[in-house]
Amino acid sequence: MTTRPAGSPLTRPLPSVDEDTKLFWDFCKRHELRVQKCTKCGNFHYPPSAFCPHCSNITSEWVKLSGEGKVYSFVIVRREYHPAFESQLPYVVAIIETSEGVRMLSNVVGCKPEEVKIDMPVEVTWDDITPEFSLPKFKPAS
Ligand SMILES: [Zn+2]
(Lines give C-alpha, C1' and ligand atoms only; values in the text may rest on other atoms or scores of the structure.)
Protein backbone atom coordinates (compact mmCIF):
# COMPACT_ATOMS: atom_id res chain seq x y z
CA MET A 1 0.00 0.00 0.00
CA THR A 2 1.23 3.43 -0.91
CA THR A 3 1.34 6.07 1.77
CA ARG A 4 1.12 9.77 1.18
CA PRO A 5 2.02 12.70 3.35
CA ALA A 6 -0.84 13.95 5.50
CA GLY A 7 -2.74 16.73 3.82
CA SER A 8 -1.40 16.07 0.32
CA PRO A 9 -4.02 15.86 -2.41
CA LEU A 10 -5.04 12.44 -3.60
CA THR A 11 -4.26 12.51 -7.29
CA ARG A 12 -4.66 9.73 -9.75
CA PRO A 13 -1.84 8.82 -12.07
CA LEU A 14 -2.24 10.24 -15.56
CA PRO A 15 -1.13 8.79 -18.89
CA SER A 16 2.43 9.62 -19.82
CA VAL A 17 2.58 11.45 -23.12
CA ASP A 18 5.47 11.41 -25.55
CA GLU A 19 5.82 12.15 -29.23
CA ASP A 20 4.53 8.67 -30.13
CA THR A 21 1.40 8.83 -27.96
CA LYS A 22 0.48 12.53 -28.15
CA LEU A 23 -1.84 12.17 -31.16
CA PHE A 24 -3.64 9.20 -29.58
CA TRP A 25 -4.43 11.27 -26.48
CA ASP A 26 -5.37 14.31 -28.56
CA PHE A 27 -7.94 12.17 -30.43
CA CYS A 28 -9.21 10.76 -27.14
CA LYS A 29 -9.75 14.28 -25.87
CA ARG A 30 -12.10 14.71 -28.85
CA HIS A 31 -13.73 11.36 -28.01
CA GLU A 32 -12.32 9.75 -31.13
CA LEU A 33 -10.85 6.28 -30.76
CA ARG A 34 -8.11 6.18 -33.38
CA VAL A 35 -5.15 3.87 -33.81
CA GLN A 36 -2.32 3.74 -36.30
CA LYS A 37 -2.67 1.66 -39.44
CA CYS A 38 0.52 0.93 -41.34
CA THR A 39 0.55 2.41 -44.83
CA LYS A 40 2.74 -0.45 -46.08
CA CYS A 41 1.40 -3.72 -44.61
CA GLY A 42 -2.06 -2.46 -43.59
CA ASN A 43 -1.91 -3.83 -40.05
CA PHE A 44 -3.16 -1.80 -37.13
CA HIS A 45 -0.67 -1.16 -34.39
CA TYR A 46 -1.39 -0.23 -30.83
CA PRO A 47 -0.11 1.10 -28.50
CA PRO A 48 1.16 4.00 -30.59
CA SER A 49 4.70 3.69 -31.88
CA ALA A 50 7.07 5.42 -34.28
CA PHE A 51 7.22 2.38 -36.56
CA CYS A 52 5.10 -0.62 -37.46
CA PRO A 53 5.93 -3.63 -35.24
CA HIS A 54 4.92 -5.94 -38.11
CA CYS A 55 7.11 -4.58 -40.93
CA SER A 56 9.12 -1.68 -39.39
CA ASN A 57 7.58 0.86 -41.80
CA ILE A 58 7.68 4.37 -40.33
CA THR A 59 4.53 5.79 -41.92
CA SER A 60 1.00 5.21 -40.73
CA GLU A 61 -2.42 6.79 -40.80
CA TRP A 62 -4.66 7.31 -37.78
CA VAL A 63 -7.84 5.36 -38.46
CA LYS A 64 -11.01 5.96 -36.47
CA LEU A 65 -12.31 2.74 -34.95
CA SER A 66 -15.98 1.82 -34.67
CA GLY A 67 -15.81 1.82 -30.87
CA GLU A 68 -17.36 -1.65 -30.82
CA GLY A 69 -15.66 -4.75 -29.56
CA LYS A 70 -15.77 -7.61 -27.12
CA VAL A 71 -14.14 -8.60 -23.87
CA TYR A 72 -11.08 -10.70 -24.73
CA SER A 73 -9.90 -11.16 -21.13
CA PHE A 74 -10.43 -9.47 -17.79
CA VAL A 75 -9.78 -9.43 -14.06
CA ILE A 76 -11.83 -7.98 -11.24
CA VAL A 77 -9.63 -5.81 -9.04
CA ARG A 78 -10.77 -6.10 -5.42
CA ARG A 79 -7.78 -4.69 -3.52
CA GLU A 80 -6.15 -1.31 -3.51
CA TYR A 81 -3.05 -0.96 -5.67
CA HIS A 82 -3.15 2.85 -5.70
CA PRO A 83 -5.00 5.01 -3.17
CA ALA A 84 -6.58 7.13 -5.91
CA PHE A 85 -8.56 4.10 -7.06
CA GLU A 86 -9.68 2.83 -3.67
CA SER A 87 -13.13 4.40 -3.96
CA GLN A 88 -13.70 2.59 -7.27
CA LEU A 89 -13.18 -0.92 -5.90
CA PRO A 90 -14.11 -3.42 -7.16
CA TYR A 91 -13.43 -2.56 -10.81
CA VAL A 92 -12.72 -4.45 -14.01
CA VAL A 93 -9.45 -4.26 -15.93
CA ALA A 94 -9.93 -5.85 -19.33
CA ILE A 95 -8.33 -6.48 -22.66
CA ILE A 96 -10.87 -5.37 -25.24
CA GLU A 97 -10.66 -6.71 -28.77
CA THR A 98 -12.20 -4.11 -31.05
CA SER A 99 -14.24 -5.18 -34.06
CA GLU A 100 -11.17 -4.21 -36.13
CA GLY A 101 -9.05 -6.74 -34.19
CA VAL A 102 -7.09 -4.25 -32.06
CA ARG A 103 -6.55 -5.33 -28.46
CA MET A 104 -6.53 -2.55 -25.87
CA LEU A 105 -6.10 -2.54 -22.12
CA SER A 106 -9.00 -0.68 -20.56
CA ASN A 107 -11.82 -0.93 -18.04
CA VAL A 108 -15.34 -2.28 -18.37
CA VAL A 109 -17.78 0.10 -16.73
CA GLY A 110 -21.54 0.51 -16.65
CA CYS A 111 -22.32 -2.89 -15.16
CA LYS A 112 -21.48 -4.91 -12.08
CA PRO A 113 -18.04 -6.55 -12.28
CA GLU A 114 -19.68 -9.95 -11.83
CA GLU A 115 -21.71 -9.38 -15.01
CA VAL A 116 -18.61 -9.10 -17.21
CA LYS A 117 -18.04 -12.19 -19.36
CA ILE A 118 -15.51 -13.26 -21.97
CA ASP A 119 -16.74 -12.33 -25.48
CA MET A 120 -19.30 -9.90 -24.04
CA PRO A 121 -20.09 -7.22 -26.65
CA VAL A 122 -18.98 -3.77 -25.51
CA GLU A 123 -18.78 -0.26 -26.89
CA VAL A 124 -16.52 2.65 -26.09
CA THR A 125 -17.51 5.27 -23.55
CA TRP A 126 -15.40 8.21 -22.46
CA ASP A 127 -14.15 9.02 -18.98
CA ASP A 128 -13.10 12.67 -18.92
CA ILE A 129 -10.72 12.44 -15.99
CA THR A 130 -9.17 15.90 -16.45
CA PRO A 131 -9.62 18.72 -18.99
CA GLU A 132 -6.60 17.26 -20.80
CA PHE A 133 -7.33 13.54 -20.63
CA SER A 134 -10.27 11.42 -21.68
CA LEU A 135 -9.84 7.70 -21.23
CA PRO A 136 -11.49 5.23 -23.58
CA LYS A 137 -13.40 2.75 -21.45
CA PHE A 138 -15.95 0.15 -22.50
CA LYS A 139 -19.52 -0.54 -21.41
CA PRO A 140 -21.94 -3.31 -22.34
CA ALA A 141 -23.14 -2.76 -25.91
CA SER A 142 -26.64 -1.34 -26.13
ZN1 LIG B 1 3.53 -2.51 -41.37
Side-chain angles (χ1 to χ4, degrees), residues 1-5 8-142:
M1 188 168 108
T2 306
T3 58
R4 60 192 163 97
S8 69
L10 183 58
T11 56
R12 63 177 295 155
L14 296 173
S16 63
V17 177
D18 61 27
E19 65 182 68
D20 293 334
T21 61
K22 184 180 185 322
L23 272 175
F24 175 79
W25 293 114
D26 286 347
F27 288 126
C28 285
K29 200 159 98 176
R30 297 178 353 207
H31 293 184
E32 293 181 14
L33 186 59
R34 290 182 182 261
V35 299
Q36 290 165 290
K37 185 175 186 176
C38 177
T39 57
K40 185 176 177 187
C41 73
N43 285 306
F44 289 102
H45 54 101
Y46 179 85
S49 60
F51 61 90
C52 174
H54 307 284
C55 74
S56 301
N57 181 33
I58 59 167
T59 57
S60 63
E61 57 182 334
W62 286 87
V63 175
K64 187 175 182 179
L65 302 184
S66 65
E68 299 170 348
K70 63 183 180 181
V71 175
Y72 178 79
S73 183
F74 71 99
V75 295
I76 300 173
V77 178
R78 298 181 187 280
R79 60 179 285 201
E80 178 195 320
Y81 289 100
H82 188 286
F85 300 115
E86 183 179 15
S87 65
Q88 299 173 33
L89 293 172
Y91 57 87
V92 175
V93 175
I95 297 173
I96 303 300
E97 185 173 277
T98 72
S99 59
E100 296 83 2
V102 178
R103 291 183 185 161
M104 321 183 93
L105 188 63
S106 184
N107 299 112
V108 176
V109 297
C111 66
K112 293 178 182 172
E114 294 76 17
E115 295 171 345
V116 176
K117 306 286 184 226
I118 298 293
D119 287 337
M120 185 174 96
V122 291
E123 61 189 18
V124 73
T125 184
W126 295 96
D127 187 356
D128 302 323
I129 58 170
T130 72
E132 294 304 312
F133 286 105
S134 296
L135 303 181
K137 297 188 175 181
F138 290 83
K139 63 181 182 181
S142 52

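Both counts, for ligands and for their atoms, begin at 1 and track the order of listing. Because only heavy atoms are used, hydrogens play no part in the values below, and waters and symmetry mates are left out as well, while side chains stay in.
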Next on the checklist: Below the 2.8 Å mark, what number of protein N, O or S atoms do you get around the Zn ion (ligand 1)?
Outcome noted: 4
Item to check | For Ser73, all residues meeting side chain to side chain donor-acceptor pair (under 3.5 Å), sequence neighbours excluded | outcome: none
Next on the checklist: With heavy-atom distances below 4.5 Å as the criterion, would you say the side chains of Tyr46 and Pro53 are in contact?
Outcome noted: no
Next on the checklist: Under a 4.0 Å threshold between the charged nitrogen and the carboxylate oxygen, would Arg103 count as salt-bridged to Glu97?
Outcome noted: yes
Checklist entry - Given the rule in the side-chain contact (heavy atoms from CB on, under 4.5 Å) test, do Phe133 and Val17 qualify, once you have shown the distances and angles that lead to the verdict? => result CA-CA 10 Å; Phe133 286 105; Val17 177; 3.6 Å; yes
Checklist entry - Looking only at heavy atoms, which two atoms of Pro113 and Pro90 are closest? And how far apart? => result CG-O, 3.8 Å
Next on the checklist: I'd like to know if Glu114 pairs up with Lys112 as an ion pair, taking the criterion as any Lys NZ or Arg NE/NH1/NH2 lying under 4.0 Å from an Asp or Glu carboxylate oxygen.
Outcome noted: no
